[in-house]
Amino acid sequence: MNLEELKSFYPELNPLIQARLEKRVKMEGMGLRLYPYKFEKNTSAREIQERFANQGHELSDEVVRIAGRLMLVREHGKASFAHIKDGTGSIQVYAKLDNLGEARYGLWKELDVGDIIGIRGRVFRTKRGELTVSIDEFEILCKSLRPLPEKYHGIKDIELRYRKRYLDLIMNPEAQRIFTLRSKIVSEIRRELEGQGFLEVETPVLQSVASGAAARPFITHHNYLDQDFYLRIAHELHLKRLIVGGFEKVFEIGKAFRNEDVDAQHNPEYTLLELYWAYVDYNDIMGLTENLVHKVALNVLGKEVIEYQGKTIDLRPPWKRISFLDALKNEGIKIDVDKITKEEAYKIGESVGAEIKPDFPTGKILVKIFEKVCEEKLTGPVHIYDYPVEVCPLTKPHRSNPGLAERFESYIAGMEVANAYSELNDPAYQRKMFMAQLEERKRGEAEIYDYDEDFCEALDYGMPPTGGLGIGIDRIVMILTNAPSIKEVILFPTVSATQK
RNA sequence: GGGCCUGUAGCUCAGCUAGGUAGAGCAAUCGGCUCUUAACCGAUGGGUCAAGGGUUCGAAUCCCUUCAGGCCCGCCA
């Protein structure tokens with residue numbers, strides 16, 4: 001391709017890109033193919049580091065073929081060093097006029113940092129002790145046309161790191177570490193649940209009723225059906241339909257979408273694990289939760305006690321269990337949930353500075369008080385159990401205390417990471433709870449558990465007693481990778497479409 | 001939705017308090033260097049100071065608006 005045509009693709013041409021375009025034209029003019037189809041590798045950077053750990057200063061007999069991105073070039077006239085980075089790590093390579101000859105060494109010197117090359121060479125150790133591949137032959141596998149960020153500082157600009165995550169991954173080993181761990185964590189969760197006989201299923205993202213949680217949904221439109229659909233805000237109600245259908249242990253790991261603000265713990269689309277287990281209650285789910293998180297930490301990190309943002313967190317089961325009311329009592333707030341009036345609750349709420357309105361149901365006020373005075377202090381891991389019944393429309397009422405419901409939330413480092421119930425399976429009571437939610441909507445609440453009559457109909461047929469669990473995968477990954485923000489553990493976090 | 005902070009070369013950052021010719025390092029280009037490793041040495045080029053408006057003889061700098069992002073609060077159970 002000629003230079004003018006190439007340049008026409010780059011309306012915001014800067015001198016660095018222009019230089020590379022010119023280089024490309026020059027190389028293609030020499031008959032080089034800059035975008036060949038494949039390269040036969042026979043090893044990787046990490047494998048070389050491992051297998052040649054005892055290599056001395058002499059060249060190996062074995063010939064290695066590696067490929068990767070050219071980083072950190074240090075030219076010395078008639079010889080030069082560089083690092084090649086591949087999917088496993090990086091390795092130093094050594095190009096020498098004596099080995100390559102005038103023409104090839106000339107081409108070597110034309111390479112840019114960022115180019116992807118394939119190398120055939122032999123391994124040796126330099127005088128300074130670094131394991132190095134001495135290049136016998138190399139070829140360009142992909143010409144890079146944009147300069148990479150600064151080699152030492154990498155990219156620091158948080159916005160750039162999120163918008164152009166590939167640069168973050170190229171430049172920052174920490175990003176590589178986090179996302180590699182994320183994959184391992186998710187796959188370990190799957191392995192563990194499958195080992196316990198859970199079946200992984202997929203349920204719809206496009207739903208005509210967005211329920212199962214209280215959050216504002218995204219709305220989209222189906223042209224053929226000429227109907228609006230919601231993106232799911234939870235997996236819950238479809239998974240419970242599967243329990244009605246006779247499955248006894250199911251789980252789903254998938255995106256949920258909530259049309260809410262973005263902050264360090266919230267991304268509009270996030271990965272939610274939900275599981276349902278027939279014939280057990282929330283006590284069994286507590287055990288499952290702590291064993292799952294503990295086992296994942298142990299198998300992925302090799303640790304049971306971890307550091308998160310300066311806090312030491314011991315994940316070994318059993319986790320501490322504190323009732324919702326005791327958690328309040330520990331902060332000096334004693335409540336008799338059967339006797340307290342809304343006015344009394346409101347007064348306490350005001351005195352601790354909770355964000356409440358007088359027409360909130362009493363239970364909701366209590367939860368706001370809890371979130372204000374207790375949540376942050378729950379370094380955990382800890383299960384907080386038995387919540388006020390009004391905030392648990394999908395939960396069985398407590399077997400011995402009518403003001404409460406059999407729900408628990410697990411907290412680690414002050415973050416809610418799990419939410420679980422003895423699932424409500426009485427269809428009449430379920431309808432009553434949904435109606436109460438609609439009443440709240442009438443009072444102006446935007447976020448409520450929407451009434452799903454089709455789900456209630458499923459319950460009419462009969463769902464066995466069931467324990468259910470939701471775990472925010474992103475938050476678990478944050479904790480296990482010591483990441484301060486949810487955006488650090490989501491490859492492409494939600495950002496405004498405006499280009500920077 | 002409220003408060004605070006940030007935006008200067010491809011990247012990392014100075015310069016802004018107190019208005020007066022736009023700076024450094026890396027990267028690039030040219031030259032030198034056959035065991036370097038953030039290689040080194042010499043030279044050169046590179047800017048809509050986020051955008052728009054205002055104040056001023058003069059604005060990267062002061063003021064206003066907008067855009068993008070971060071932190072905290074609210075909301076997201």
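Here is how names work: the chains are called A, B, and so on, in the same order as the sequence lines, proteins then strands, and each is numbered from 1.
Across the protein-nucleic acid pair, A/D263 atom CG and B/rG1 atom P stand 15 Å apart, rounded to whole Å. Rounded to an integer number of Å, the gap from CZ of A/R232 to P of B/rC76 is 22 Å. For the pair A/M171 CE and B/rG10 P, the interatomic distance rounds to 16 Å; values are reported in whole Å. We find that CG of A/N14 is positioned 13 Å from C1' of B/rG45, with the value rounded to whole Å. Rounded to a whole Å, the CG atom of A/D157 is 10 Å from the C1' atom of B/rC11. A straight line from CG of A/L16 to P of B/rC26 spans 14 Å, rounded to a whole angstrom. As a whole-Å value, the separation of A/N259 CG from B/rG1 P is 12 Å. Straight-line distance from the CD1 atom of A/I91 to the C1' atom of B/rU36: 15 Å, rounded to whole Å.
Between A/R74 and B/rU36, a side-chain N or O to OP1/OP2 separation shorter than 4.0 Å is absent. Dashed line: the shortest gap from a side-chain N or O of A/K487 to OP1 or OP2 of B/rC71 is not under 4.0 Å. An OP1 or OP2 oxygen of B/rC11 is reached within less than 4.0 angstrom by no side-chain nitrogen or oxygen of A/K151. Listed pair A/K96 / B/rC33 fails the phosphate criterion, with no side-chain N or O lying under 4.0 Å from OP1 or OP2. The phosphate of B/rU37 has OP1 or OP2 within less than 4.0 Å of a side-chain N or O from A/R128. Taking only side-chain nitrogens and oxygens, A/R258 never comes nearer than 4.0 Å to OP1 or OP2 of B/rC75.
Side-chain to base pairing of A/H266 with B/rC76: one donor and one acceptor N or O lie within less than 3.5 Å of each other. The base of B/rG74 lies close enough to the side chain of A/D261 for a donor and an acceptor atom to sit less than 3.5 Å apart. Applying the 3.5 Å distance criterion, the base of B/rU36 shares a donor-acceptor pair with the side chain of A/Q92.
For B/rC64 and B/rC5, the P atoms lie 12 Å apart once the distance is rounded to whole Å. Look at the P atom in both B/rU6 and B/rG23: the space between them is 24 Å, to the nearest Å. Rounded to whole Å, the separation between the P atoms of B/rG58 and B/rG15 comes to 26 Å. Separation of the P atoms belonging to B/rC63 and B/rG20 is 15 Å when rounded to the nearest angstrom. Between B/rU37 and B/rA27, the distance separating the two P atoms is 13 Å to the nearest Å. Between B/rU21 and B/rU17, the two C1' atoms lie 22 Å apart (nearest whole Å).
Ion pairing between a basic and an acidic side chain is recognised when a charged N comes within 4.0 Å of a carboxylate O; A/D281 and A/R399 show such pairing. One finds no salt bridge joining A/E274 and A/K240 here, because no Lys/Arg side-chain nitrogen approaches an Asp/Glu carboxylate oxygen to under 4.0 Å. The pair A/K255-A/E269 meets the salt-bridge criterion, since a charged nitrogen lies less than 4.0 angstrom from a carboxylate oxygen.
Shown here, B/rG7 forms a base pair with B/rC67; the pair counts as Watson-Crick or G-U wobble because both key distances fall under 3.5 Å. The partner of B/rA39 is absent, by the rule that a Watson-Crick or G-U pair needs both atom distances under 3.5 Å. Pairing of B/rA14, defined by two Watson-Crick or G-U wobble distances under 3.5 Å, is not identified with any nucleotide. A 3.5 Å limit on both hydrogen-bonding distances identifies B/rC73 as the Watson-Crick or G-U partner of B/rG1. Both distances falling under 3.5 Å, in either a Watson-Crick or a G-U wobble arrangement, place B/rG20 opposite B/rC57.
Heavy atoms of A/R146 sit nowhere under 4.0 angstrom from any nucleic acid atom. The residue A/E416 sits close to a base: some heavy atom pair falls under 4.0 Å. Residue A/Y94 is classed as a base contact, given a heavy-atom separation below 4.0 Å to a base. Residue A/F324 is classed as having no contact, given no heavy-atom separation below 4.0 Å to the nucleic acid. Residue A/E150 is in base contact, counting any heavy-atom pair closer than 4.0 Å across all strands shown. The residue A/H57 sits apart from the nucleic acid: no heavy atom pair falls under 4.0 Å. Among the heavy atoms of the strands lying under 4.0 Å from A/E447 are primed sugar atoms or P, OP1, OP2 only; no base atom is included.
For A/D98, taking side-chain heavy atoms from C-beta onward, the closest of the listed nucleotides B/rA38, B/rU34, B/rC76 is B/rU34. Candidate nucleotides B/rA27, B/rG70, B/rC71 were compared by shortest atom distance to the side chain of A/A264, and B/rC71 ranks first. Here the side chain of A/L97 is nearest to one of B/rC11, B/rU34, B/rA27, namely B/rU34. Each of B/rA28, B/rA38, B/rU37 was ranked by its minimum atom distance to the side chain of A/T126; first place goes to B/rU37.
A cation-pi contact links A/R104 to A/F138, judged by a cut-off of 6.0 Å to the six-membered ring centre and 45° from its axis.
Taking the six-membered ring for Trp and thresholds of 30 and 60 degrees, A/F408 and A/H383 have ring planes more than 60 degrees apart, a perpendicular arrangement. Classification of the A/Y387-A/F370 ring pair by plane angle, with boundaries at 30° and 60°, yields perpendicular.
Of the listed residues (A/R443, A/K442, A/R441), just one forms a salt bridge (charged side-chain N to carboxylate O under 4.0 Å, His left out) with A/E439, and that residue is A/K442.
Put simply, the side chain of A/R122 never gets that close to the backbone of A/D136: no donor and acceptor are under 3.5 Å apart.
Between A/K364 and A/P149, the one whose closest nucleotide on RNA chain B sits nearer the 5' end is A/P149.
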